[in-house]
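Just below is one structure, and these are the notes that go with it.
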Amino acid sequence: MLSVLEEVVRRAAAEAGAPGFDVVSEAPPSPALGDVAFPTAFGLARVLRRPPRAIAPLLANALRERPEVARVEIAGPGYVNVFVRRRAWLAAAETPRDPEPVDGVHIVEHTSINPNKAAHIGHLRNAALGDSFARILRYLGRDIEVQNYIDDTGVQVADVALGFHALRGASAADVRELARAPRFDYLCWDLYTEVSRWVESDPEAATLRREALHGLEHDEEPWAGIGAAVAEAVARRHLETMDRIGVRYDLLACEKTIVRLSFWDRAFELLRDAGAIRRPDEGRNLGCWVMETPLAQDGQKVIVRSNGTVTYVGKDIAYQMWQLGLLDREFRFRRFFDYGEAASRAAWITTDGEGDADPPRFGQAALVHHVIDARQAYPQQIVQESVARLTSESDRERTRHFSYEMVSLTPATVAALGLAGAAAGDGGAVEVSGRKGVGVKADDFLDALIERARGEVAQRNPELEAGQRDEVARDIAVGALRYLMVRVTKNQPIVFDLEEALAFDGATGPYLQYAAVRARKILGRAAAPLPERLPAPPPDLDEQMAALDEGEAGDLWVLLREAAGLGAAAARAAEHEDPQVLARWAYEGAQRFNAFYHRYPVATEPAPALRALRLFVVETFFFQHRLGLGLLGIPVPWRM
RNA sequence: GCGCCCUUAGCUCAGUGGAGAGAGCAACAGGCUACGAACCUGUAGGUCGGGGGUUCGAAUCCCUCAGGGCGCGCCA
């Protein structure tokens, strides 16, 4: 609807003598000034060499011809302010408009935690961002496939395998037995830091570690067996943890299968034949295969080491080629993790062994987003560059780095958790480090939130039985966590403070949930059924609103108008590649609704017409707000 | 040295080149006889890091300086 008006102004600008003029609309500072504002006349003034006040009427007249426009005013030095026909405007809000429709599958790859230790607060940011992004795109109509890359042959898994073998004397069978413990990943967390300290202080351990890594890569025992047991069990734990906050995956892509199924060998041939990589005859990279690029400091980025092994960047090139359907190789797939209910949905995993029959189709994507922290911007650029050289320049645009900043800890949090090995930087923030064991584990944090929520729920709802109370507490904890992770722009580093994170007042998940719960309670009080689709506005909405006193008309209309803006907010979030945009929409909506519900009685309003109108506002808000929260993975508790 | 990100109220953060720069927390003053106050209303709090420039108009774009974070490996 908005784009229709923009198009009208664009045409009017063209007729006035400025074809192709970039027309943008904005929200007026107050509802009294209109619903949509065009500052277009200012820009046109320069092009047309006429004052803005002379140009504005041309735009206004064009807008007045549209059926969805009720009134147009020219304000101040030349703003064109549009008052829309409200019923028509709301009716058009049902279907969101995808700003960049994708023809084919769109992969969102996120989480991708090394499967050698428990997930921590930093991984939660990745998963929450990736999952929300995927949900938003799906809402806009995209065919989304969620992948999770598992580095099961890297040094991190090698370290824990080394720990089990050398420090614990455990076999692969022993590890599989240990992995039956409910939080095996916690055990690995501690072992990993133990090994890291050992390797730092003992040269012999460093030698053993190289041996373990080599064993993982070349399928040699005992390393391969122990490593596989660790990686599979910990990856499973990560899926359990993420499932607790509503994050699910379609496919786990394992590095091991990329190597074993010769994806890299094939990618290497392609890179070599395309001249994208070459062997230097001299210099310090003698004996390697390198890609020449100005991105690298000395103009060369090593892809294959002089000992013949491939770097992480090389493996990622092969993986991304496969994701884009540019590699003539295919994985085999195994069903790996069933998600509750009727097991209607499951996460699959790649395998180099026997695959299950009839797996879903994976890969062959038109577009891929890689949710990876900002530190990896450089290697991601190298991978993009490689893909472009192997195929076409346009393929570079098909693989994108969804970059976000890191999570660190406040000194107070480090102290409260008694984290040893933590060194505060000058800025006060403490870097999360799996290697050092410095971090807030995801499950611990969620448990703490649940505990805090349980207390709040018990206090407010003493009549609830334990099971109900726990269910509500879980929903609140998930809401608090998910909102915390997306309320700030992804480019802003987060310094995590435990006490602050446990707060449920103000701009928090529970605040957003509270508005939804209140709205639903009102519907219940009014004996109105919960809306199953966006409620249709009454035919005489515009007339009814005109009959209200000005203050209430403004309050109700802004609530309706902004609720109808969910699709636009989702589209902006997709464009900016940042769920924060939608989180802001949800927060502002909750704020408006809370103010509304204090000011205007609904179920208890005696005048039937007014009651019906306010009820329509509540229904519309509730439907859209719950939908928006769902896109952020925030559940609506049945009670608070 | 090169590249990316950040710098807005005491703190944590929003802010499409456009109309008095906004929230939350903290502080202060109010509001529960329940569509339940996890809420609402109000007060106070600003050199948008500094300086130039472009523009009718700059927190927003460009240049520059300063401060902070992170990259630039035959680690992943």
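Letters A, B, ... mirror the listed sequences (proteins, then strands); counts begin at 1.
For A:Arg460 and A:Glu456, the salt-bridge test passes: some basic side-chain N is under 4.0 Å from an acidic carboxylate O. For A:Glu451 and A:Arg454, the salt-bridge test passes: some basic side-chain N is under 4.0 Å from an acidic carboxylate O.
The side chain of A:Tyr514 places an N or O atom within less than 4.0 Å of a non-bridging phosphate oxygen (OP1 or OP2) of B:rA38. Using a 4.0 Å cut-off, some side-chain N or O of A:Gln580 falls inside it from OP1 or OP2 of B:rG15. Between A:Arg305 and B:rC75 there is a side-chain N or O to OP1 or OP2 distance below 4.0 Å. OP1 and OP2 of B:rU16 both lie 4.0 Å or more from every side-chain N or O belonging to A:Arg572. Side-chain nitrogen and oxygen atoms of A:Gln492 include at least one within less than 4.0 Å of the OP1 or OP2 phosphate oxygen of B:rA14. The side chain of A:Arg460 places an N or O atom within less than 4.0 Å of a non-bridging phosphate oxygen (OP1 or OP2) of B:rA38. At least one side-chain nitrogen or oxygen of A:Tyr511 sits closer than 4.0 Å to the OP1 or OP2 atom of B:rC40. In terms of phosphate contacts, A:Gln513 brings no side-chain nitrogen or oxygen within less than 4.0 Å of OP1 or OP2 of B:rA38.
Within the 4.0 angstrom heavy-atom criterion, base atoms lie near A:Pro39. Counting any heavy atom pair closer than 4.0 Å across all strands shown, A:Pro51 reaches no nucleic acid atom. Nucleic acid contact class of A:Phe596 (heavy atoms, under 4.0 Å, all strands): none. Using a 4.0 Å heavy-atom criterion, one finds that A:Val457 contacts the bases of the nucleic acid, with or without backbone contacts as well.
Taking 3.5 Å as the limit, the base of B:rC74 and the side chain of A:Thr311 contain no donor-acceptor pair of atoms between them. Interface remark: the A:Asn81 side chain does form a donor-acceptor pair with the B:rA19 base, using a distance-only criterion of under 3.5 Å.
Here A:Tyr79 and A:Phe42 bring their ring centres to under 6.0 angstrom of each other. Taking the six-membered ring wherever Trp is involved, the centroid distance between the rings of A:Tyr514 and A:Tyr511 does not fall below 6.0 Å.
One distance of note links CZ of A:Arg278 with CH2 of A:Trp289; it measures 10.0 Å at 0.5 Å rounding. Distance CD/A:Glu605 to CZ/A:Arg611: 9.0 Å, rounded to 0.5 Å.
Residue side chain A:Tyr587 fails the stacking definition with respect to B:rA23, as its ring centre and the base's six-membered ring centre are not both under 5.5 angstrom apart and under 30 degrees in plane angle.
The side chain of A:His598 has B:rC40 as its nearest neighbour among B:rU16, B:rC40, B:rA38. Nearest to the side chain of A:Gln297, among B:rG73, B:rA38, B:rC70, sits B:rG73.
Proximity of residues 482-490 of chain A to RNA chain B (heavy atom under 4.0 angstrom from any strand atom) is restricted to A:Val488, A:Thr489.
Checked options A:His110, A:His370, A:Glu255; the residue passing with A:Tyr149 is A:Glu255 (criterion: side chain to side chain donor-acceptor pair (under 3.5 Å)).
Counted by atom type alone, A:Thr413 and A:Thr410 present one or more donor-acceptor pairs between their side chains at under 3.5 Å.
As rounded to whole Å, 14 Å separates atom C1' of B:rG24 from atom CZ of A:Arg584.
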